[in-house]
Amino acid sequence: MTSAESLSLADVFARSERMVGRRIAEEYVLVPIVGRGADLDAIFNLNRVGAFIWERLDGRSSGEEIVRALVEDFDVDSLRAVADYRAFMVQLLSIEAVHPCRP
């Protein structure tokens, strides 16, 4: 399992085709779309920061770029933004919602 400390901000990730993200009213959810259709026991609710990061995992933006955007949009310091980004990415990697991209 990947640890938050081992995750490089230079790494680039893309959303997995196994997971779809949707905004429903004021909520943002991730739903797995493999196997026997959507598994309703595995729907993930994202907070505003999680949704912000998820939408930027396009296979082109590095962690550094996403963290910089977090600092600007959420008015947080860079240490907090880095910690939040890394913790969320570890969670996404653990459920195979993202995969690394090679530049």
Side-chain angles (χ1 to χ4, degrees):
M1 179 162 179
T2 303
S3 71
E5 296 79 29
S6 68
L7 198 69
S8 171
L9 294 180
D11 291 340
V12 174
F13 292 91
R15 296 178 294 267
S16 170
E17 294 177 4
R18 300 170 28 110
M19 198 70 73
V20 64
R22 291 287 182 262
R23 186 171 304 282
I24 302 170
E26 296 297 316
E27 303 256 336
Y28 200 98
V29 296
L30 295 183
V31 181
I33 56 172
V34 297
R36 296 163 282 144
D39 182 355
L40 297 180
D41 291 332
I43 293 176
F44 303 93
N45 289 317
L46 303 184
N47 64 19
R48 286 181 48 228
V49 172
F52 183 88
I53 294 170
W54 176 259
E55 290 176 338
R56 283 154 183 78
L57 297 171
D58 56 9
R60 296 184 307 270
S61 300
S62 69
E64 293 167 340
E65 294 168 302
I66 294 171
V67 165
R68 204 168 21 253
L70 281 170
V71 169
E72 291 174 15
D73 284 27
F74 287 89
D75 194 28
V76 296
D77 63 66
S78 60
L79 289 176
R80 173 66 187 263
V82 166
D84 288 350
Y85 171 79
R86 285 183 166 154
F88 185 59
M89 291 305 297
V90 167
Q91 290 178 326
L92 292 177
L93 286 162
S94 74
I95 61 170
E96 299 178 1
V98 295
H99 58 84
C101 292
R102 304 286 175 236

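Heavy atoms only: backbone and side chains are in, while hydrogens, waters and symmetry mates are out.
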Item checked: Step-by-step side-chain contact (heavy atoms from CB on, under 4.5 Å) determination, E17 to I33 -> CA-CA 8 Å; E17 294 177 4; I33 56 172; 5.9 Å; no

Check: Roughly how far, to the nearest 0.5 Å, is CZ of F88 from CG of N47?
Finding: 7.5 Å

Notebook entry, point to check: Roughly how far, to the nearest 0.5 Å, is CE of M89 from CG of L9?
Noted result: 10.5 Å

Check: Does some side-chain heavy atom of R22 sit less than 4.5 Å from a side-chain heavy atom of V31?
Finding: no

Note to self: Rounded at 0.5 Å granularity, tell me how far CZ in R68 sits from OH in Y85.
What the structure shows: 12.0 Å

Next item on the list: Indicate yes or no: at least one non-hydrogen side-chain atom of V12 is less than 4.5 angstrom from one of E65.
Entry: no

Note to self: Using side-chain heavy atoms (C-beta onward) and a distance below 4.5 Å, is V82 in contact with R86?
What the structure shows: yes

Checklist line | Separation of L92 CG from F44 CZ (nearest 0.5 Å) | finding: 9.0 Å

Notebook entry, point to check: Got a second to check how far C101's SG is from L57's CG, nearest 0.5 Å?
Noted result: 9.0 Å

Note to self: I need the minimum non-hydrogen distance between M19 and P32, along with the two atoms involved.
What the structure shows: SD-N, 3.4 Å

Validation: residues 69-79 side-chain donor-acceptor distances under 3.5 Å, sequence neighbours left out:
residue: D77; atom: OD1; partner: L79; partner atom: N; Å: 3.0
residue: D77; atom: OD1; partner: R80; partner atom: N; Å: 2.8

Notebook entry, point to check: For the atom pair CD1 (I66) and CG (D84), what is the distance rounded to the nearest 0.5 Å?
Noted result: 13.0 Å

Notebook entry, point to check: So, does R15 use its side chain to make a donor-acceptor pair with the main chain of G59 at under 3.5 Å?
Noted result: no

Next item on the list: Quick one: do H99 and R18 satisfy side-chain contact (heavy atoms from CB on, under 4.5 Å)? Show the steps, please.
Entry: CA-CA 11 Å; H99 58 84; R18 300 170 28 110; over 6 Å; no

Item checked: Distance under 6.0 Å and angle within 45° of ring axis: R56 vs F52 -> yes

